[in-house]
Amino acid sequence: MFETLSKATLDKIFVLMAEYAADPRTDKIDLGVGVYKDETGNTPIMSAVRKAEKRMNETARTKTYVGVVGNRGFSSAVVDLALGGVVDAGRIRTVNGNGGTGALMVLAHVLGRARPGGRIYISDPSWPNHWPLVEAAGLVPHSYPYFDPRTRQVDFGAMMGVLDGLTPDDIVLLHGCCHNPTGASLSPEQWDTIAASLARTGAFPLIDLAYLGFGDGIEADAYGTRRVVAAVPEAMVAFSASKNFGLYRERAGVAIAIARNAADADIVSSQMQNVLRASISQTPDHGAEIVRIILGDAALRAEWEAELTAMRERMKRLREKLAEAIRQRSNATDFDFLARHTGMFSLLGLPEDVVARLKVDDGVYMINDSRINVAGIPEDRIGELADRLLAAVG
Ligand code: LMR
């Protein structure tokens, strides 16, 4: 049987994670996988999560199946959080996803059934898993320009040059906020333009919303998603609770489908449930229930929002400090873009051989396209990191 197989390509993010773990150097720096870290380098369990988990454990009476659609209270709280009531609830259907990736998987498979072999446009660059994920769903990925390596900002003219030419048969995958890997995000005015373009062309938006609250705040980060779903008759949103609730391994996410009307929505719902049942049957409930409890309780919700704000502000501070340290040392503003980017990532624009040297010689780990996770910047060693980066770029 297995003699017919050849080795599959593993995701570079997880390959790097394993390399970092195996590196014995004590002064190594992990700017790789996108997980939030505190000043001790730990990815903490949020205190609102701990309290909700405790409450859940004390009151839970069963571990029986929840059902294919998953935890409905979790889904509806997430729909309110992400969409803010801009779409009539009668047009929305949800299932829980196995994390944000699982939500994307369900949505992509439903789209693959609706448009077998259909074109899906993905930003260049994008999260590396987007391509294999949509291919596995029977869609054909194409790219649209996104990042201008010269300015390190969005090349909006080039992006719209492609988006404006799409047709109702095309799907476009958008990062709702905090673009991964570049950190270059869209302004509210640019989102307005995208929403108007989609309404005009009829292209179908699939929005990956994995970092809500990591950029400029929940409301600001939800702007683009809300603007788009309010402007078009049909859309999909994949929400992840991995980052903003720190629930990575619990795999809590929501697949949201918005249809033209309730009858269509029911059909999409049946398709989502069918994809889930045939793949993983049902999603884990542990993280979903934690989020449901937090979002449904005023005090816990306030505590979570305060913790999320603290995480966001820490990442902003790290961006500013690293940009400042590099500016001071180099007398140049080449890395000032770090402070202008938002969310968890920045694409530094370094060649692959420089990235490899940083890893091998200096123990500084980043993805080979030079994406860094800013939460991994060690606050007490920023000068040292700036020195290593400047030495590597020569
Ligand atoms: C990342 O981009 O590093 C994270 O989203 C983790 C992942 O699943 O790739």
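This structure is a prediction, so every number in the text was calculated from the model and none was measured. Order of appearance sets the numbers: ligands from 1, and atoms from 1 within every ligand.
Proximity of Tyr248 to ligand 1, defined as any heavy-atom pair under 4.0 Å, is not found for any part of the residue. Neither the backbone nor the side chain of Thr101 has any atom closer than 4.0 Å to an atom of ligand 1 (non-hydrogen atoms only).
Residues Leu163 and Met159 form a side-chain contact, since some pair of their non-hydrogen atoms from C-beta on lies under 4.5 Å apart.
In this structure, Phe245 and Trp304 have parallel ring planes: the angle between them is below the 30° cut-off, well short of the 60° mark. Between His130 and Trp127, the ring planes lie perpendicular to each other; the angle is over 60°, past the 30° to 60° tilted range. Ring geometry for His179 against Tyr146 counts as parallel: the plane angle stays under 30°, on a 0 to 90° scale with 60° as the upper cut.
Nearest to atom 9 (O) of ligand 1 among the protein's heavy atoms is Trp127 NE1, 2.9 Å. In terms of protein heavy-atom proximity, atom 6 (C) of ligand 1 is closest to Lys243 NZ, 3.7 Å. Nearest protein heavy-atom contact of atom 2 (O) of ligand 1 is Arg371 NH1, 2.9 Å.
In terms of N/O distances under 3.5 Å, ligand 1 is approached by Gly34.
A cation-pi geometry, defined here as NZ or CZ lying under 6.0 Å from the six-membered ring centre and within 45° of its normal, does not hold between Arg312 and Phe214.
For ligand 1, the atoms sitting less than 4.0 Å from at least one non-hydrogen atom of Phe14 are 7 (C), 8 (O), 9 (O), numbered in the order shown with element in parentheses. Which parts of ligand 1 touch Val33 is read off a 4.0 Å heavy-atom cut-off, strictly below it: atoms 3 (O), 6 (C).
One N or O on the side chain of Lys28 and one on the backbone of Asp23 form a donor-acceptor pair closer than 3.5 Å.
Heavy-atom separations between Ile13 and ligand 1 include at least one value shorter than 4.0 Å.
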